[in-house]
Amino acid sequence: MGTTRDRIGTAVTLAGIAAAAPSVWQTVTHITDDTYRAPEVRHGAGHVQYHMAREALVTAGAMAGVALAALAGPGRGHTGWRGMAAATAGFAAAMWSGGPTTGVWAPNRKALLLHVASTGALVTGVALLRPRAGR
């Protein structure tokens with residue numbers, strides 16, 4: 001299983017994924033929520049919902065990759081860690097993209113706390129799992 005650092009890194013990474021789950025689920029619920037239909041959108045009323053579905057599926061794939069790499073243990077190597085770090089960076093950027101694009105960082109306080117917890121834990125966990133030089 002590796003060192004104590006590896007075990008803590010894996011646990012913190014998986015906790016970050018778990019903390020993100022309610023936010024990702026909220027996005028999934030928007031897919032069938034008629035209030036997210038936008039008739040004025042050039043590509044059709046359901047185009048926003050399509051983007052919600054795409055976001056949820058991309059996130060699920062990225063987080064599955066992060067989880068698999070974390071669970072691979074020290075054998076994940078530098079390449080596996082880089083993939084995990086890239087997926088985490090993309091997820092964190094997406095999670096915080098609301099502020100610059102809409103001026104709203106999260107729809108409510110609970111969501112904001114979930115965003116902080118999930119991105120904080122993921123970044124910390126992945127940092128702890130970084131292979132040491134020469135290994």
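Within the model, atoms OG of Ser23 and CG of Leu113 stand 12.0 Å from one another, a figure rounded to the nearest 0.5 Å. Note that CG of Leu128 is 9.5 Å distant from OG1 of Thr10, once rounded to the nearest 0.5 Å.
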Exercise for review: Give the C-alpha distance, both sets of side-chain angles, the deciding distance and a yes or no for side-chain contact (heavy atoms from CB on, under 4.5 Å) between Arg37 and Gln49.
Suggested key: CA-CA 7 Å; Arg37 295 186 67 75; Gln49 291 166 310; 3.1 Å; yes
Exercise for review: Output, in order, the C-alpha distance, side-chain angles, deciding distance and verdict of side-chain contact (heavy atoms from CB on, under 4.5 Å) for Arg5 and Leu129.
Suggested key: CA-CA 7 Å; Arg5 180 185 171 122; Leu129 292 172; over 6 Å; no
Review point. Between Thr4 and Arg7, does a side-chain hydrogen bond (donor to acceptor under 3.5 Å, both in side chains) hold up when you go through it step by step?
Key: CA-CA 5 Å; Thr4 299; Arg7 289 190 296 276; 3.1 Å; yes
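The closest donor-acceptor contact from the side chain of Asp33 to the backbone of His30 lies at 3.5 Å or more, if one exists at all. A donor-acceptor contact shorter than 3.5 Å is absent between the side chain of Arg130 and the backbone of Trp81. Counting only distance, with no hydrogens or angles, the side chain of Thr88 and the backbone of Ala85 share no donor-acceptor pair below 3.5 Å. Under a 3.5 Å cut-off, the side chain of Thr29 and the backbone N or O of Gln26 do form a donor-acceptor pair.
Contact between Gly77 and Pro131 at its shortest, heavy atoms only, is O-CG, 3.7 Å. Residues Ala69 and Gly80 come closest through the heavy atom pair CB-O, 4.1 Å. When every heavy atom of Ala87 is checked against every heavy atom of Ala62, the shortest pair comes out as CB-O, 4.0 Å. Nearest heavy-atom pair across Val12 and Ala121 is CG1-O, 3.2 Å. Taking both residues in full, the closest heavy atoms of Gly16 and Ser118 are given as O-CB, 3.4 Å, listed atom of the first, atom of the second, then distance. Among all heavy-atom pairs drawn from Ala19 and Leu114, the shortest one is O-CD2, 3.4 Å.
Leu57 and Val48 are members of different hydrophobic clusters when ILVMFWY side chains are connected at heavy-atom separations under 4.5 Å. Linking ILVMFWY residues whenever their side-chain heavy atoms come closer than 4.5 Å, directly or via other members, places Tyr36 and Val41 in the same cluster.
The list of side chain to side chain donor-acceptor pair (under 3.5 Å) pairs with a residue in residues 51-77, not counting sequence neighbours, reads His47-His51, Tyr50-Arg54, His51-Arg54.
A distance of 6.0 Å or more separates the ring centres of His115 and Trp105.
Between Val116 and Trp96, some side-chain heavy-atom pair lies under the 4.5 Å cut-off. At least one side-chain heavy atom of Leu71 sits less than 4.5 Å from a side-chain heavy atom of Leu14.
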